[in-house]
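Heads up, the thing below is written out as structure tokens.
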Amino acid sequence: MRDAATPPTTLTLVYLARLRETFGTATERLEPPPEVTTVATLRTWLAARGGAWSTELAPARAVRIAVNHELARPDTPLHAGDEVALFPPVTGG
Amino acid sequence: MRDAATPPTTLTLVYLARLRETFGTATERLEPPPEVTTVATLRTWLAARGGAWSTELAPARAVRIAVNHELARPDTPLHAGDEVALFPPVTGG
Amino acid sequence: MPVRVQTTDFDVSAELAALRGADPRVGAVAAFIGTVRDVNDAASVATMTLEHYPGMTEKALAGIVDEAKSRWDIIDALVIHRVGELKPTDQIVLVGVTGAHRGEAFAACEFIIDYLKTRAPFWKKEVTPDGTRWVEPRASDDDAAARWTAPAEPPR
Amino acid sequence: MPVRVQTTDFDVSAELAALRGADPRVGAVAAFIGTVRDVNDAASVATMTLEHYPGMTEKALAGIVDEAKSRWDIIDALVIHRVGELKPTDQIVLVGVTGAHRGEAFAACEFIIDYLKTRAPFWKKEVTPDGTRWVEPRASDDDAAARWTAPAEPPR
């Protein structure tokens, strides 16, 4: 994901479990606008797509976000090439 | 142990683990005097035999006593035919 | 510190024997096995599918095991979690912890499964008579995990 | 509610499978395995012999299991304890508890081994380089068992 052909602002998004089903996609690569610098601003920007995005990513909904396989917080910064995963609270074990 | 040939005041004593070794006996049947009515009075009476009995059954020593396979307390009453076991604190598991 | 995600079943004896190795310092093995129940939230469950997030899962489990090792005086720990389709009575997860003494082994084992339940990226989807549904997280699992944070000492 | 005393080894998988049966209410299995260490109280241990009080042992173990069942909402419990000659790394005891949920299964499992350690009539005799000795009871075992009495709620 960090190869030379990747523009510096490209993120890989991964949607899991119920979010994958409601969004109808498992993964996408995207180039967010400059104001998307953190996990929280990415979530707000994705919610603005409307429809299922607006519903599932509404502030009141429990959504977990991981950056490069580590659970992130709203203020976790994003960098070019990051893999950002969005998923519901986990239910394993 | 409750057969007709057993005198009503007969007890079966069982000694286990270190007590069996120091007393040199695993079991005995005996007829204690009338004042031996409880676990505590039995212990005192046995300790009066002297030697290892006096040492191992001294009041300061930790000795567990079971009557008919149930852990007993000093005031647990004794009855004819009872099986009374004396042993050190347990160390299983 | 083995951590594994697999579709196949596991043999508890073989896994715990491998965890113990021939280490004669081990005096206590605490273990937990999670199994599929046929009823969840009052609905009967025919089968379930377990999904995970490859890459993150292994990292999350290894992190939880490392955290347990830093908190308690244990010798080793093991987590095996199944994914894919499972049916009632199937084994889902095995947590095993070895230590010299049982108190630390029990605490670390309970900590690992509590943290796994709230931090490792697994999701269950159940097939019930009313159709397919994603399992909702339990507040009791959050409470169980919260026991291990602040104060620094776990609530034993 | 199986309780067994035996000289032979046990297979953890087979015993836990038998305990679970095919009961689909079971969602959690907590287990404890005690094993022989090669060092005890700073002395190296070559072999040990476990003695018990036949008749009382089974009654004491069954009583402890009954007590666990009355205190926690568990489905079933199992205790297997070996006697006779054992060497380092050998399995000594297995406690297994099944329940719908893990919190009760863990608590009952820990309770059973804590009570067994202070109430079931087993004694260990070790062979060390300095000769044969009876193992002394541990104050920490008394403390562990005392956790479960007064107040009525166990200290979780």
Side-chain angles (χ1 to χ4, degrees), chain A residues 1-3 6 10-30 39 42-43 46 51-53 55-79 81-93, chain C residues 5 32-37 40-41 45 48-64 79-84 86 91-95 109-126 132-142 144-145:
Chain A
M1 271 164 278
R2 288 174 187 279
D3 58 281
T6 305
T10 296
L11 301 176
T12 300
L13 276 281
V14 176
Y15 309 109
L16 292 149
R18 194 192 65 241
L19 295 189
R20 184 190 64 247
E21 291 186 347
T22 53
F23 294 163
T25 184
T27 184
E28 65 177 314
R29 306 190 75 174
L30 50 79
V39 160
L42 174 68
R43 177 174 173 167
L46 289 171
W53 301 89
T55 310
E56 290 284 2
L57 302 181
R61 297 298 291 268
V63 175
R64 301 287 183 263
I65 301 180
V67 177
N68 299 328
H69 297 156
E70 296 260 20
L71 272 179
R73 301 187 316 169
D75 62 356
T76 299
L78 297 178
H79 302 98
D82 281 351
E83 177 171 316
V84 183
L86 287 79
F87 47 82
V90 302
T91 56
Chain C
V5 178
F32 173 79
I33 303 151
T35 54
V36 182
R37 294 190 302 143
N40 189 26
D41 290 338
V45 176
M48 71 159 56
T49 304
L50 258 150
E51 170 177 334
H52 77 125
Y53 179 17
M56 177 170 172
T57 317
E58 295 77 2
K59 194 171 178 176
L61 295 178
I64 293 167
V79 178
I80 301 173
H81 203 297
R82 292 177 70 187
V83 293
L86 298 175
Q91 301 187 122
I92 305 172
V93 61
L94 171 66
V95 178
C109 186
E110 209 169 356
F111 168 86
I112 290 172
I113 185 66
D114 284 351
Y115 263 42
L116 183 157
K117 288 250 180 190
T118 57
R119 303 196 176 192
F122 293 100
W123 300 273
K124 288 176 185 149
K125 192 179 191 175
E126 293 173 340
T132 294
R133 66 176 189 185
W134 290 98
V135 171
E136 289 296 315
R138 294 177 185 280
S140 60
D141 284 334
D142 290 331

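Residue numbers begin at 1 in each chain, while the letters A, B, ... track the order of the sequences. We use all heavy atoms of the structure for the numbers below, so side chains are in, but hydrogens, waters and symmetry mates are not.
The two residues A/A17 and C/W123 have their closest heavy-atom pair at CB-CG, 3.5 Å. Across all non-hydrogen atoms, the minimal contact from C/H52 to A/L16 is O-CD2, 4.0 Å. The two residues C/K59 and A/E70 have their closest heavy-atom pair at CE-OE2, 3.6 Å.
Rounding to the nearest 0.5 Å gives a distance of 3.0 Å between CD of A/E21 and NZ of C/K125. Rounded to the nearest 0.5 angstrom, A/R18 CZ and C/E136 CD are separated by 6.5 Å.
Against chain C, the residues from residues 85-93 of chain A that qualify, each with a non-hydrogen atom under 4.5 angstrom away, are A/A85, A/F87, A/P88, A/P89, A/V90, A/T91, A/G92, A/G93 in number order.
For C/A120, the part lying near chain A is the backbone, with the side chain staying farther off; criterion is any non-hydrogen pair under 4.5 Å.
Qualifying side chain to side chain contact (heavy atoms under 4.5 Å, CB included) partners for C/S140, counting only residues two or more places apart in sequence or in other chains: C/R138.
In terms of non-hydrogen atom pairs under 4.5 Å with chain A, the most contact-rich of C/V135, C/D141, C/D142 is C/V135.
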